[in-house]
Amino acid sequence: MSVRTRLAPSPTGDPHLGSAYAALFNRAFAHQNGGEFILRIEDTDQTRNRAESESAIFDVLRWLGLDWDEGPDIGGECGPYRQSERLAIYKEHMEQLLASGGAFRCFCTKERLDEMRRQQIQAGKTSKYDGKCLTVDPAEAEERAARGEPHVIRLRVPEEGECRFVDGVRGDVTIPWSQVDMQVLIKSDGFPTYHFASTVDDHLMGITHIFRGEEWINSFPKHQLIYQNFGWDMPKHYHLPLLRNPDQSKMSKRKNATSINYYRRCGFLRESLLNYLATMGWSMPEEREKFSMDEFYADFTPNRLSPRGPVFDIEKLSWLNGLYIRELSSEELKARVFDWAFGGERLDRLVSLVRERSERFDDLFPKVDYILGDRVDLTEQDFEHKKLELSDSKKVLEFVNRALGEVEQWNRDSLYESLNQLAGLMNVKFKDFLFPVFVAISGRSVTLPLFDSLELLERDIVTIRIRSAIEALGGISNKERKRLDKEWRTLVD
RNA sequence: GUCCCCUUCGUCUAGUGGCCCAGGACACUGGGUUUUCAUCCCAGCAACAGGGGUUCGACUCCCCUAGGGGACGCCA
């Protein structure tokens, strides 16, 4: 049997570094064993899917060179590779599971569940479904379901004993069944949850090994139960450590740049990003720190995976990146810098923006400095303004970041629309409103047109620059954040 | 709170019972090369969380404590 691995991201936002991290090990393991690496899109949450996200995932994984052997865009023998297109498959399997008693219909209301959880936590117990609907007679449940009564389908979990399993990274792990929730497998909208869909798909797609984040380790018993109910062999699991922020917490948007595209737009090379990621929680036999993907694929072994969560250190990544830059031939470096700065439509866009504002060639370049390079560090003085207090500017920036987070199509016009609307809601004259944004983005108040700049800079760089500007203005305390949250809600409702 | 996982320099890590009064790398500090800067070279700083066992011998094995992280959703 051939080794098959997969990456199963959900298209709910900017492709995360953690996805690249998992992809790296999955792909390496499959390919060094002559197997296949599969990309599957986990789009079972109808409320969170974002249209642009799927293509962003394709784009960024291809940029990294982590391409796949089967996937939604290229097909394969186990398609379709988008879960929203596999609903009939899940339905059929669920009928089987229901018939065997491995799952049951649950008609409990959200209110009852909320109250139940509240009480459990208060009583110091693990919060989980209490099994009320387990007592509903299956025939009656079928009847109620047939009449269209809203309900979900849950996994039946043993009440006693423990689930033992082997994690390829940590060894034996034991979790008492009493801690495992009767997970919802089919939601009331008829869509499966991750737990059900991905287990069924992993089996049907012949997945043999799974490298995934440690955050899944507690879900393992549920998945195991599903495999057992169907009588399927289970893939071997390796739970990778979670990438961390400098304060050791799970790497998050709030404290770090987590989007792959951010690193790409900052001008990191794919070679160094991948190389660096491969040294997180894994090491080369001779402790070599700089190595190519070919070398990695040759030497990778799960034995050298460590369970300890590594802090993602952008300083060390930068050092590595410098090594790679110096190693490139002049020709190659030239081509890659050019592509990074001016690839696609970027050169045309920049030229058209700059020509109207220039009289000599030598004032062309200073105008685009903040687009092609990082902007200068900011201080409070940079935000002195005759109409806006520093605290006003800070609030504007915070709200701008929130508004921008909701913009789906990252282009000049929708960005304009979003911020223009926000200025109206905040009752600040647009020109004044824009001032702190100009400064945050470019480091000065007079620049190329703002919305073109935002578009060219792309989402991740913009978000980070605004955040760092907020820091320059003293940052936001927890108390302040609470107040702003409230104000934001009244604003957008 | 409950359960699970983790614990070597600030950070990434080597180390699978004696080779370790713990090695490498980033960062930092000092020095050298260089018209400046960077690169490069050399040197320095700096860690086995604590306590019990097991053993002739523990960074390595076991237990406890402490600390950190994760999970506890009709999100993945």
Side-chain angles (χ1 to χ4, degrees), chain A residues 8-13 16 18-19 41-49 83 106-110 113-114 117-118 120-129 150-154 162-163 165 167 169-198 212-222 239-251 275-290 303-304 306-323 325-327:
Chain A
S10 65
T12 53
H16 195 280
S19 294
I41 299 294
E42 309 253 336
D43 56 349
T44 54
D45 186 342
Q46 298 188 85
T47 60
R48 297 207 320 162
N49 287 339
Q83 293 187 325
C106 168
F107 301 89
C108 293
T109 62
K110 186 176 183 303
L113 295 174
D114 287 347
R117 288 210 176 83
R118 199 188 57 78
Q120 287 168 334
I121 294 212
Q122 202 174 32
K125 290 191 284 203
T126 298
S127 142
K128 58 171 209 161
Y129 184 63
H151 68 285
V152 300
I153 301 178
R154 289 181 185 273
E162 45 199 23
C163 173
F165 61 96
D167 168 37
V169 178
R170 278 152 262 267
D172 296 331
V173 177
T174 306
I175 298 175
W177 284 117
S178 63
Q179 293 299 319
V180 181
D181 198 4
M182 298 183 209
Q183 182 66 44
V184 170
L185 262 21
I186 302 286
K187 308 179 233 186
S188 54
D189 64 3
F191 273 63
T193 56
Y194 167 88
H195 300 280
F196 189 59
S198 93
R212 48 141 62 152
E214 189 188 353
E215 68 224 271
W216 293 107
I217 206 162
N218 285 299
S219 299
F220 184 96
K222 299 169 189 170
H239 290 98
L240 301 168
L242 261 19
L243 266 17
R244 310 286 185 91
N245 294 315
D247 68 0
Q248 303 281 346
S249 61
K250 172 177 163 180
M251 201 178 186
N275 184 162
Y276 182 65
L277 246 18
T279 64
M280 301 266 86
W282 191 80
S283 58
M284 269 288 188
E286 253 70 57
E287 275 197 276
R288 246 178 318 143
E289 304 212 83
K290 182 167 174 295
N303 295 341
R304 299 186 65 87
S306 146
R308 205 182 147 208
V311 173
F312 189 88
D313 180 9
I314 198 164
E315 298 258 14
K316 189 152 183 180
L317 169 62
S318 300
W319 162 78
L320 235 200
N321 201 58
L323 256 34
I325 285 183
R326 257 157 256 138
E327 205 176 61

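Numbered from 1 within each chain, the chains take letters A, B, ... in sequence-line order.
With a 3.5 Å ceiling on both atom-pair distances, the Watson-Crick or G-U wobble partner of C61(B) is G53(B). Nucleotide G1(B) forms a Watson-Crick or G-U wobble pair with C72(B), both donor-acceptor distances falling under 3.5 Å. Pairing for G44(B) is with C28(B), a Watson-Crick or G-U wobble pair whose two hydrogen-bonding atom distances lie under 3.5 Å.
R304(A) comes within 4.0 angstrom of the backbone, heavy atoms only, and of no base. Counting any heavy atom pair closer than 4.0 Å across all strands shown, V180(A) reaches no nucleic acid atom. Residue contacts shown for R170(A) are limited to sugar-phosphate atoms, with no base heavy atom under 4.0 Å away.
Side-chain proximity of I217(A) to C4(B), C12(B), A76(B): nearest is C4(B). Counting only heavy atoms from C-beta on, K250(A) has its side chain closest to G69(B) among U8(B), G73(B), G69(B).
Distance CZ (F196(A)) to P (C75(B)): 15 Å, rounded to an integer number of Å. Distance H195(A) NE2 to A76(B) C1': 8 Å, rounded to the nearest Å. Atom CZ of R308(A) is separated from atom P of C59(B) by 18 Å (rounded to the nearest Å).
A donor N or O paired with an acceptor N or O is not found under 3.5 Å between the base of A27(B) and the side-chain atoms of K316(A). S127(A) contributes no side-chain N or O that forms a donor-acceptor pair with the base of C72(B) under 3.5 Å.
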